[in-house]
Amino acid sequence: QVQLVESGGGLVQAGGSLRLSCAASGRTFSSYAMGWFRQAPGKEREFVAAIRWSDKNAYYADSVKGRFTISRDNAKSTVYLQMNSLKPEDTAVYYCAAQITPSPFELHNYYDYWGQGTQVTVSS
């Protein structure tokens with residue numbers, strides 16, 4: 001079992017920044033990669049970013065490239081999502097997720113554990 005707890009969400013004006021954190025506990029050594037997804041009201045959950053624990057390669061949705069940065073601290077078993085130049089369309093509940101086996105990063109049904117989510121609201 002892997003437990004994930006997100007934090008860092010909130011209300012910010014357009015153009016502002018937020019940093020989300022996802023603290024992992026439990027059998028974290030068994031996870032292969034971590035991802036961030038988001039879901040806005042009435043929309044499907046969508047991929048934001050992903051990173052492997054073993055290397056620094058990161059993967060991003062086109063909509064956030066150049067604005068968001070995913071990183072991880074292996075010693076703390078924590079993954080971060082730095083979000084800059086936020087736009088109202090970034091408003092959503094953001095979830096972190098753990099993937100146990102190598103699988104497509106962008107597909108949410110290939111993740112095995114999920115956090116409870118944290119709300120990000122960007123005002124115009």
Listed partners of [X] passing ring-ring contact (aromatic ring centres under 6.0 Å, His included), at least two apart:
X: Tyr59; answer: Phe105
X: Tyr94; answer: none
X: Phe47; answer: Phe37

Is there a donor-acceptor contact under 3.5 Å from the side chain of [X] to the main chain of [Y]?
X: Thr91; Y: Glu89; result: no
X: Asn57; Y: Ile51; result: no
X: Asp112; Y: Gln99; result: no

Inset, instruction - Using the test salt bridge (charged side-chain N to carboxylate O under 4.0 Å, His left out), find all partners of Glu106 that sit at least two apart in sequence or belong to another chain. - result: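 Residues passing salt bridge (charged side-chain N to carboxylate O under 4.0 Å, His left out) with Glu106: none at all.
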
Inset, instruction - Output all residues satisfying salt bridge (charged side-chain N to carboxylate O under 4.0 Å, His left out) with Arg52, sequence neighbours left out; order by chain, then residue number. - result: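 By the salt bridge (charged side-chain N to carboxylate O under 4.0 Å, His left out) rule, Arg52 matches Asp55.
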
Results of side chain to side chain contact (heavy atoms under 4.5 Å, CB included) for [X] - residues two or more places apart only:
X: Ser63; result: Arg38, Ala61
X: Gln116; result: Val5, Glu6
X: Ala98; result: Val2, Leu4, Ser31, Met34, Tyr113

Does the side chain of [Y] come within less than 4.5 Å of [X]'s, by heavy atoms?
X: Phe68; Y: Leu86; answer: yes
X: Tyr95; Y: His108; answer: no
X: Thr69; Y: Tyr60; answer: yes
X: Trp36; Y: Ile70; answer: yes
X: Ile100; Y: Tyr111; answer: no

Legend entry - Inter- and intrachain pairs under disulfide (SG to SG under 2.5 Å), touching residues 83-124, at least two apart: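 Checked against disulfide (SG to SG under 2.5 Å) - neighbours excluded - the pairs reaching residues 83-124 are Cys22-Cys96.
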
Inset, instruction - Working to the nearest 0.5 Å, report the span between CE of Met83 and CZ of Arg19. - result: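 Answer rounded to 0.5 Å: 11.5 Å.
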
Legend entry - Distance (rounded to the nearest 0.5 Å) between Ser103 OG and Tyr32 OH: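 Reported to 0.5 Å precision, the distance equals 8.5 Å.
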
Give a yes or no on whether [X] and [Y] share a hydrophobic cluster (residues Ile, Leu, Val, Met, Phe, Trp, Tyr; joining criterion: side-chain heavy atoms under 4.5 Å apart).
X: Leu81; Y: Trp53; value: yes
X: Val48; Y: Val12; value: yes
X: Tyr110; Y: Trp114; value: no

Inset, instruction - Show which residues join Leu11 in its hydrophobic cluster (side-chain heavy-atom contacts under 4.5 Å, direct or indirect), or state none. - result: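 Taking Ile, Leu, Val, Met, Phe, Trp and Tyr as members, Leu11 stands alone, with no cluster partners.
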
Inset, instruction - Decide side-chain contact (heavy atoms from CB on, under 4.5 Å) for Gln82 and Ser71; before the verdict, give the C-alpha distance in whole Å, the side-chain angles of both, and the deciding distance to 0.1 Å. - result: CA-CA 8 Å; Gln82 177 67 43; Ser71 62; over 6 Å; no

Legend entry - Where at least one partner belongs to residues 62-75, residue pairs that pass salt bridge (charged side-chain N to carboxylate O under 4.0 Å, His left out), sequence neighbours excluded: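 Salt bridge (charged side-chain N to carboxylate O under 4.0 Å, His left out) check on residues 62-75 returns Asp62-Lys65, Arg67-Asp90.
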
Could you pull out every donor-acceptor pair under 3.5 Å between side chains of residues 117-124 and any protein atom, sequence neighbours left out?
{"from": "Thr118", "atom 1": "OG1", "to": "Gly9", "atom 2": "N", "distance (Å)": "3.2"}
{"from": "Gln119", "atom 1": "NE2", "to": "Ala92", "atom 2": "O", "distance (Å)": "3.4"}
{"from": "Gln119", "atom 1": "NE2", "to": "Thr121", "atom 2": "OG1", "distance (Å)": "3.3"}

